[in-house]
Protein chains: 2
Amino acid sequence: MGTAERKEREKEQRRLSIIEAAEKVFLSNGFDNTTMDEIADVAELSKGTLYLYFKSKEELFLEIVKKGSQILNSYFKKAVEKEKNGLDKVKAIGEAFIKFYNKHKEYHEAMMFDHSRLHNFESKDVKAKCVGKDSEGDTIFVDVINEGIADGSIRKDIDPVKTSLLLWGQTMGVLQLIQMRGKSLEVECKTKPEDLMSYFFEYTGHALKA
Amino acid sequence: MGTAERKEREKEQRRLSIIEAAEKVFLSNGFDNTTMDEIADVAELSKGTLYLYFKSKEELFLEIVKKGSQILNSYFKKAVEKEKNGLDKVKAIGEAFIKFYNKHKEYHEAMMFDHSRLHNFESKDVKAKCVGKDSEGDTIFVDVINEGIADGSIRKDIDPVKTSLLLWGQTMGVLQLIQMRGKSLEVECKTKPEDLMSYFFEYTGHALKA
DNA sequence: TCGTTTACTGACTACTGGTCATTTCTTAAC
DNA sequence: GTTAAGAAATGACCAGTAGTCAGTAAACGA
């Protein structure tokens, strides 16, 4: 009989509905201003039940980070398809990042938060990506750089792995700077976030091109 | 009579001793794992007293961040003195950052934490620095880049202000990546943190040099 | 129908940032 | 030396919240 299977499905369904509820609350209120009781309310369950499905508040939060990084990843894949040479693909990835940042600011914020606070946790998707691998084991960044070296659009004396690490770190850093100093940038430096970003692309292009 | 002055001094002294106690606890346990009671214990005062001198736990924490960024600043100043041309000074600043990171990991961590979590607070020293100004109003980064352009060591078509913002953001980002992925870097990418950093310098040199 | 397993509940605990009425100490005038 | 006013410090207390667990309800199989 399919009872066991049905139960399995229902359990998974419940799990997903908790994540959905958590997503709503976390993304609109942030980690610190979200209570487990609130999530339980939205999920129409008691707090205790949440702990049957997730070990802790942080673990539940990580599910949202994971979703965000999956979305980001799909942006990357789409961006790469359109371009012909390696260097353009690198730029397209950068632009995809910005697009993601603009369309999903809440996800981005959650991912940043995770990045800087929840060290102790394992989030394969996010962790792996900055290392050049996404959740499916692809090495988008490294591949694209290698492609660029092969097709002559990227200079030959760079190290693909190190460079992909660098680009990831740099992009995160610059975005973080923009996110936090947005207003003071304009006031104190007369620099619009978009301008700084496109300057960053230009700079990176210059650093990589053959 | 000097009573008032003496009281003033004593008050300042108390303030400093609270900061000192807070520093010990924050730097060894981190923000989240530190309680105000613990700080009060170390300072040999009651918790209530802490709140006579500091508005909140976060404000007290910011004092530590401030100290860190003052130390960092002194590293920068020293680094710049030694070098002759602009590009070398930029590199020296980068190396100073690493030196600071290695010698004062706990401060660096505190500063990172502040950066990513305590948005709402004003920490002039830190905030201003990434914008090219330190607490005394100097614009070390921008100055150094301008110097490099003038002496011909840095290419003329870069924007000093935007570039200094970029370099700051990038450096923070790369360091953050190293700090968080230290072990997995070596395992998954066969890349030592130091190697990645020196590669970063090389890369930056290439991007800036005339 | 009934015993058993599974899912769920919500009152409870432990902890902690922040408050404030009360106590203790200091000072200066008499 | 005494005392009253003011300053400094205290710690019991409050409110909020992550996480627990004994107990209840529902689903199931016999």
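A note on names: the letters A, B, ... follow the listed sequences, proteins ahead of strands, and every chain is numbered from 1.
- By the neighbour-count criterion of 12 heavy atoms within 6.0 Å, atom CD of B/E8 is sparsely surrounded, having that number or fewer from other residues, nucleotides or ligands.
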Q: For the pair A/S69 and A/Y107, evaluate side-chain hydrogen bond (donor to acceptor under 3.5 Å, both in side chains) and give the outcome as yes or no after the intermediate values.
A: CA-CA 8 Å; A/S69 89; A/Y107 273 116; over 6 Å; no

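- B/S56 and B/Y51 share no side-chain donor-acceptor pair at under 3.5 Å.
- Nucleic acid contact class of A/L52 (heavy atoms, under 4.0 Å, all strands): base.
- Residues B/T163 and B/D159 bring no donor and acceptor atom of their side chains to less than 3.5 Å of each other.
- For the salt bridge (Lys or Arg N to Asp or Glu O under 4.0 Å) test, no residue two or more places apart in sequence or in another chain qualifies with B/D88.
- Shown here are the side-chain contact (heavy atoms from CB on, under 4.5 Å) partners of B/E95, two or more places apart in sequence or in another chain: B/F201.
- Note: CZ (A/R9) to C1' (C/dT6) measures 17 Å, nearest angstrom.
- Rounding to whole angstrom units, CG of residue B/L60 and P of C/dG18 are separated by 10 Å.
- Where B/E10 and A/S46 each meet DNA chain C at their nearest nucleotide, the meeting point lying more 5' is that of A/S46.
- Going from atom CD of B/E8 over to atom C1' of D/dA8 covers 14 Å, rounded to whole Å.
- When all heavy atoms of B/L208 and B/L167 are compared, the closest pair comes out as CD1-CD1, 4.2 Å.
- Here B/K57 pairs with nothing under the salt bridge (Lys or Arg N to Asp or Glu O under 4.0 Å) rule; sequence neighbours left out.
- Across the protein-nucleic acid pair, B/F54 atom CZ and D/dA9 atom C1' stand 16 Å apart, rounded to whole Å.
- In the helix from C/dT1-D/dA30 to C/dC30-D/dG1, the rotation axis of the first five pairs and that of the last five pairs differ in direction by 20°, rounded to 10 degrees.
- Contact check on A/K91 versus A/E83 returns no salt bridge, with no Lys/Arg side-chain nitrogen under 4.0 Å from an Asp/Glu carboxylate oxygen.
- Each of A/K7 and A/L50 has a nearest nucleotide on DNA chain C; the 5'-most of these lies closest to A/K7.
- In this entry the distance linking CD of B/E44 with P of D/dG11 reads 13 Å, nearest Å.
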Q) How does protein reach along nucleotides 17-23 of chain D, written 5' to 3' as B (base within reach of a heavy atom under 4.0 Å), S (only sugar-phosphate), or - (no contact)? A) SBBB---

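- Atom CD of B/E186 has more than 12 heavy atoms from other residues, nucleotides or ligands within 6.0 Å.
- Partner B/F200 forms a side chain to side chain contact (heavy atoms under 4.5 Å, CB included) with one of B/T171, B/L175, B/I98 and no other, that one being B/T171.
- Applying a 4.0 Å cut-off to non-hydrogen atoms, the residues of residues 11-24 of chain A that approach DNA chain C are A/K11, A/R14, listed by residue number.
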